[in-house]
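The model shown is predicted, which means the values in this text are computed figures rather than measured ones.
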Amino acid sequence: MYHSTVLAIVSLLSFASAVPTPVDLAPRCGTTIRPSFLQTLTQSSPGTVSPNSPTFHVSQTSSTTNHINQVVGFSSIPAGSYGCQLAVSFPASYPITTLGSPILNVKTLFKDQPGAISYPNGWSWNTFYPGGTPIGQGTFGTVTIEPGTTKVINSQSCPVGGGALAFVFSIADWVAGEASVEFTQGADAGVYLTYNC
């Protein structure tokens with residue numbers, strides 16, 4: 001009896017030492033950032049430099065001379081970051097005002113030139129659309145803004161050495177007639193950027 005009790009205790013101790021010990025893993029580096037500035041470009045006031053505003057607004061009238069596009073800028077992306085991903089997210093009841101079919105095209109602004117992105121700046125419609133020429137490196141993505149959704153627009157490489165990224169939202173070229181979308185950028189709603197490092 002003594003021998004079997006000792007054997008049972010030794011067996012339990014061997015088993016306990018074979019069980020892996022939990023290890024606290026370091027959290028994965030990466031974060032979500034909100035825009036550092038939002039600035040409109042207004043075709044009907046082509047020389048006007050708009051202030052930074054929490055209001056996101058993109059629109060067009062049925063006229064071809066009244067577009068308002070939205071610049072969204074992100075700063076302080078650290079060196080060594082990768083996988084920068086642009087997205088939008090809205091709670092189900094978040095107030096968004098829309099008119100028509102506001103499908104948005106998104107283009108990269110100052111691609112591979114993070115030092116050119118800052119606020120305050122002197123940017124106006126005339127800065128980016130001389131003679132009506134569109135900006136960017138082609139369409140980066142397309143998105144429809146809707147409450148109760150989270151949508152990834154696209155991803156790209158983060159700025160080498162860190163810095164800033166900026167994007168321009170406009171009504172998609174194929175949308176005819178009046179269209180607009182407006183919301184207030186919030187801490188838990190609107191446009192955001194994620195990255196890893």
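Atom CZ of residue F169 and atom NZ of residue K107 lie 13.0 Å apart, to the nearest 0.5 angstrom. Taking CZ of F56 as the reference point, atom CG of L104 lies at 5.5 Å (rounded to 0.5 Å). The structure places CG of L165 at 8.0 Å from CD1 of I33, a figure rounded to the nearest 0.5 Å. The NE2 atom of H67 sits 14.5 Å away from atom OG1 of T40, with the distance rounded to the nearest 0.5 Å. Interatomic distance, L193 CG to T31 OG1, rounded to the nearest 0.5 Å: 10.0 Å. Atoms OH and OG, from Y82 and S157 in turn, are 13.5 Å apart once rounded to the nearest 0.5 Å.
You'll find the side chain of F167 stays beyond 4.5 Å of the side chain of I153, heavy atoms only. The shortest side-chain heavy-atom distance between T97 and F183 does not fall under the 4.5 Å cut-off. At a threshold of 4.5 Å between non-hydrogen side-chain atoms, the residues T48 and T42 do not count as touching. By the 4.5 Å heavy-atom criterion applied to side chains, E146 and K151 are counted as neighbours. A heavy-atom distance below 4.5 Å is not found between the side chains of S180 and P102. Side chains of T142 and W174 form a contact here, defined as non-hydrogen atoms less than 4.5 Å apart. Looking at S75 and F37, their side chains never come closer than 4.5 Å, going by heavy atoms from C-beta outward. E182 has its side chain out of reach of I96: every pair of non-hydrogen atoms, C-beta onward, lies at least 4.5 Å apart.
Between the side chains of T150 and S89, at least one donor N or O lies within less than 3.5 Å of an accepting N or O.
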Next on the checklist: With side chain to side chain contact (heavy atoms under 4.5 Å, CB included) as the criterion, how do V143 and V88 come out once you've worked through the C-alpha distance, each side chain's angles and the decisive distance to 0.1 Å?
Outcome noted: CA-CA 9 Å; V143 67; V88 294; 3.9 Å; yes

TODO: Carefully, step by step, assess V168 and F128 under the rule side chain to side chain contact (heavy atoms under 4.5 Å, CB included).
DONE: CA-CA 10 Å; V168 177; F128 301 110; 6.0 Å; no

Are Q39 and V49 close enough, and set up right, to give a side chain to side chain contact (heavy atoms under 4.5 Å, CB included), and what steps lead you there? CA-CA 8 Å; Q39 187 175 5; V49 176; 3.7 Å; yes

Practice task
Decide yes or no on side chain to side chain contact (heavy atoms under 4.5 Å, CB included) for Q43 and Y129, but give the supporting numbers first.
Solution key: CA-CA 9 Å; Q43 188 177 16; Y129 300 95; over 6 Å; no

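Nearest approach of S36 to N52, heavy atoms of both residues: O-ND2, 3.6 Å. Minimum heavy-atom separation, Q70 to H57: OE1-N, 2.9 Å. A pairwise comparison of heavy atoms in C84 and I77 identifies SG-CG2, 4.2 Å as the closest pair. I117 and A166 get closest at one heavy-atom pair: CD1-N, 3.5 Å. Nearest approach of Y195 to C158, heavy atoms of both residues: CB-SG, 3.9 Å. Listed here is the closest heavy atom pair of T61 and E178: CA-CG, 3.8 Å.
A single hydrophobic cluster is not seen to contain both Y192 and L38; linkage of ILVMFWY side chains at heavy-atom distances under 4.5 Å, directly or through other members, places them apart. L109 and I68 are not part of a single hydrophobic cluster, where members link through side-chain heavy atoms under 4.5 Å apart.
In this pair, F90 and Y94 present their aromatic rings tilted. The plane angle is within the 30 to 60° band.
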